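Working notes, structure below.
What you see is a predicted model; the values in this text were computed from it and never measured. Order of the sequence lines sets the chain letters (A, B, ...), proteins ahead of strands, with each chain counted from 1.
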Number of protein chains: 2
Amino acid sequence: MSREVALTREEREARAQVEGLGIDVDAFAAVSNVFRVANAVRNYMERNLLAEYRLSFSGFTVLWVLWVWGPKESNVLAEESGISKSTLTGVVKTLEGLGFAARRPHAADGRRVLVEATDKGLAAVREIFPRFNALEGEITRDLTTEEREELARALRVMLHTVGG
Amino acid sequence: MSREVALTREEREARAQVEGLGIDVDAFAAVSNVFRVANAVRNYMERNLLAEYRLSFSGFTVLWVLWVWGPKESNVLAEESGISKSTLTGVVKTLEGLGFAARRPHAADGRRVLVEATDKGLAAVREIFPRFNALEGEITRDLTTEEREELARALRVMLHTVGG
DNA sequence: ATCCTATCGTCAGGGACCGAACGATATCAA
DNA sequence: TTGATATCGTTCGGTCCCTGACGATAGGAT
């Protein structure tokens with residue numbers, strides 16, 4: 001059923017080297033390819049799209065979350081963006097410098113801070129996201145719709161297992 | 001054929017928000033789940049295994065490459081490890097501080113530098129890698145062997161497309 | 001009213017990460 | 001031999017990223 005796809009040189013050589021060590025080759029291939037793809041795609045997006053807006057991948061992610069869900073407490077925003085609270089502090093600072101986001105004190109709780117996208121930030125995401133998605137389409141163009149769904153499903157299972 | 005797997009809350013809500021924007025939902029789901037899994041697994045590995053050796057994910061990757069292929073020029077080592085030359089300089093410096101790697105000048109070319117793992121570094125990888133692989137098995141335990149192969153294959157296709 | 005404890009966002013310190021610029025070395029042409 | 005050009009690893013400036021510690025605020029119990 002599954003079409004032939006050549007292993008990358010790295011993968012081929014790596015397998016040869018760790019053979020006979022009682023290694024779970026399937027798990028190894030699956031997981032390490034997740035990292036390879038994530039790395040490659042992240043760099044690709046940053047270089048070919050995000051750099052134009054002086055946005056890092058994380059910066060865009062945070063802005064995207066703000067666009068989709070509206071203003072959020074730092075706490076939640078960090079969780080939703082997949083980074084730590086302290087990292088978010090820095091990222092939001094950068095976003096503020098670019099005029100893409102702003103901080104607002106919580107009305108009732110003096111400890112909390114609300115982060116929101118500015119109009120300029122919203123405009124940027126509206127411009128970037130369709131292009132971002134188009135690149136996602138490009139990147140997966142050699143997979144059928146069913147294969148993409150299967151891929152997403154398998155990743156979802158892993159996410160569930162590892163507790164993401 | 002494919003078992004039901006619930007979408008994560010994030011994924012469900014995100015879909016609802018970007019509906020009707022002409023978005024390629026399958027590509028979106030596939031790519032963003034790659035990032036989610038990579039992030040979650042990277043953190044998991046660093047916290048539950050690598051921290052014990054004071055190794056970052058990149059530090060371990062570099063050491064692993066050195067273990068599998070032997071001494072390498074900085075140039076090639078960076079490429080093979082998926083990081084830039086300048087990042088490698090820093091990572092190797094850290095590895096040297098831990099006593100896991102060493103620099104050696106190239107015999108014929110004064111510009112080049114060879115990086116190699118020390119005995120201590122080699123011993124560490126031999127200890128870590130089987131545990132690392134065991135965690136990879138854990139993480140993919142709810143996928144069948146065929147599903148793991150399909151996952152690796154799909155990712156390989158993407159890697160080929162994006163030119164990794 | 002005053003502790004005790006929980007939770008908030010930030011800062012400090014250290015490492016990872018990149019692109020651009022740099023000094024050193026190599027190579028090839030004239 | 002000298003000069004132009006290419007390539008090597010490092011440095012620099014800026015951002016990301018984490019853990020751990022911190023001051024501030026909140027809220028419950030006494």
Side-chain angles (χ1 to χ4, degrees), chain A residues 35 38-40 42-63 71-79 81-98 100-116, chain B residues 35 38-40 42-63 71-79 81-98 100-116:
Chain A
F35 289 121
N39 231 333
R42 185 187 186 103
N43 290 341
Y44 185 81
M45 293 297 194
E46 282 184 342
R47 271 197 276 264
N48 298 307
L49 175 59
L50 270 18
E52 200 175 305
Y53 299 83
R54 298 181 52 196
L55 238 25
S56 68
F57 196 88
S58 284
F60 173 67
T61 302
V62 169
L63 206 51
K72 274 204 173 301
E73 293 173 27
S74 299
N75 206 0
V76 183
L77 183 54
E79 168 72 22
S81 306
I83 59 182
S84 69
K85 285 189 306 169
S86 46
T87 299
L88 182 76
T89 297
V91 172
V92 170
K93 208 169 281 181
T94 302
L95 250 21
E96 280 184 310
L98 294 167
F100 287 156
R103 261 174 246 260
R104 189 155 45 88
H106 191 281
D109 192 331
R111 295 168 302 180
R112 304 184 191 192
V113 173
L114 285 176
V115 182
E116 61 183 348
Chain B
F35 289 121
N39 230 334
R42 185 188 185 100
N43 290 342
Y44 186 81
M45 293 297 194
E46 283 184 341
R47 272 197 274 265
N48 299 306
L49 175 58
L50 269 19
E52 201 175 308
Y53 299 83
R54 298 182 50 194
L55 239 25
S56 68
F57 196 88
S58 285
F60 173 66
T61 302
V62 168
L63 206 50
K72 274 204 172 301
E73 292 173 28
S74 298
N75 206 0
V76 183
L77 183 53
E79 169 71 24
S81 306
I83 58 182
S84 70
K85 283 190 308 168
S86 47
T87 298
L88 183 75
T89 298
V91 173
V92 170
K93 208 169 283 181
T94 301
L95 251 21
E96 280 184 310
L98 293 168
F100 287 157
R103 260 174 247 261
R104 189 155 42 91
H106 191 281
D109 191 332
R111 295 169 303 180
R112 304 185 191 192
V113 173
L114 285 175
V115 182
E116 63 183 347

**Request:** Quickly work out the B/Glu46 CD to C/dG15 C1' distance and round it to whole Å.
**Result:** 10 Å

**Prompt:** Want to settle it: does B/Val113 or A/Ser56 sit nearer the 5' end of DNA chain D, counting the closest nucleotide to each?
**Reply:** B/Val113

**Request:** Let me know, please, whether B/Ala108 or B/Lys85 comes out on the 5' side of the other along DNA chain C by nearest nucleotide.
**Result:** B/Lys85

**Prompt:** Just by distance, do the side chain of B/Glu46 and the backbone of B/Phe57 share a donor-acceptor pair under 3.5 Å?
**Reply:** yes

**Request:** Give a yes-or-no answer on whether the side chains of B/Thr61 and B/Ser58 include a donor-acceptor pair shorter than 3.5 Å.
**Result:** no

**Rounded interatomic separation in angstrom, taking CG from B/Leu77 and C1' from D/dT10** = 15 Å

**Request:** Report which part of the nucleic acid A/Arg54 touches: base, sugar-phosphate, or nothing (heavy-atom distance under 4.0 Å, all strands).
**Result:** nothing

**Asked** For A/Ser86 and A/Thr89, does a side-chain donor sit closer than 3.5 Å to a side-chain acceptor?
**Response** no

**Request:** May I have the distance from B/Phe57 (atom CZ) to C/dC17 (atom C1'), rounded to whole angstrom?
**Result:** 15 Å

**Prompt:** Roughly, in whole Å, what's the span from CG in B/Leu114 to P in D/dC8?
**Reply:** 13 Å

**Request:** Determine the contact category for B/Ser86: base if any of its heavy atoms lies under 4.0 Å from a base atom, sugar-phosphate if only primed atoms, P, OP1 or OP2 are that close, otherwise nothing.
**Result:** base

**Main-chain N/O of A/Leu77 paired with A/Ser81 side-chain donor or acceptor, under 3.5 Å** = yes

**Prompt:** Using a cut-off of 4.0 Å on non-hydrogen atoms, how would the nucleic acid contact of A/Thr89 be classed: base, sugar-phosphate, or nothing?
**Reply:** base

**Request:** Provide, to the nearest angstrom, the distance between the CD1 atom belonging to A/Ile83 and the C1' atom belonging to C/dA16.
**Result:** 15 Å

**Complete:** note: B/Leu95, atom CG; C/dA16, atom C1'; distance rounded to Å ~ 13 Å

**Item:** Under 3.5 Å donor-acceptor pair, B/Ser74 side-chain atoms to D/dT10 base atoms
**Value:** no

**Request:** Name the nucleic acid region contacted by A/Thr94, choosing base, sugar-phosphate or nothing; use a 4.0 angstrom heavy-atom cut-off, strictly under.
**Result:** sugar-phosphate

**Asked** Mapping B/Val92 and A/Arg47 to their closest nucleotides on DNA chain C, which lands nearer the 5' end?
**Response** B/Val92

**Request:** Ignoring the backbone of B/Arg112, work out which of D/dC8, C/dC18, C/dC8 is nearest its side chain.
**Result:** D/dC8

**B/Tyr53 ring center near B/Phe60 ring center (under 6.0 Å)** = no

**Item:** OP1 or OP2 of C/dG14 under 4.0 Å from side-chain N/O of B/Lys93
**Value:** no

**Message:** Taking the nucleotide of DNA chain D with the nearest heavy atom to each, does A/Thr87 or A/Arg111 sit closer to the 5' end?
**Reply:** A/Thr87

**Gap between atoms CD and P, on B/Glu73 and C/dA26 respectively (whole Å)** = 13 Å

**Complete:** Rounded to whole Å, CG of A/Leu88 lies from P of D/dC16 at a distance of 10 Å

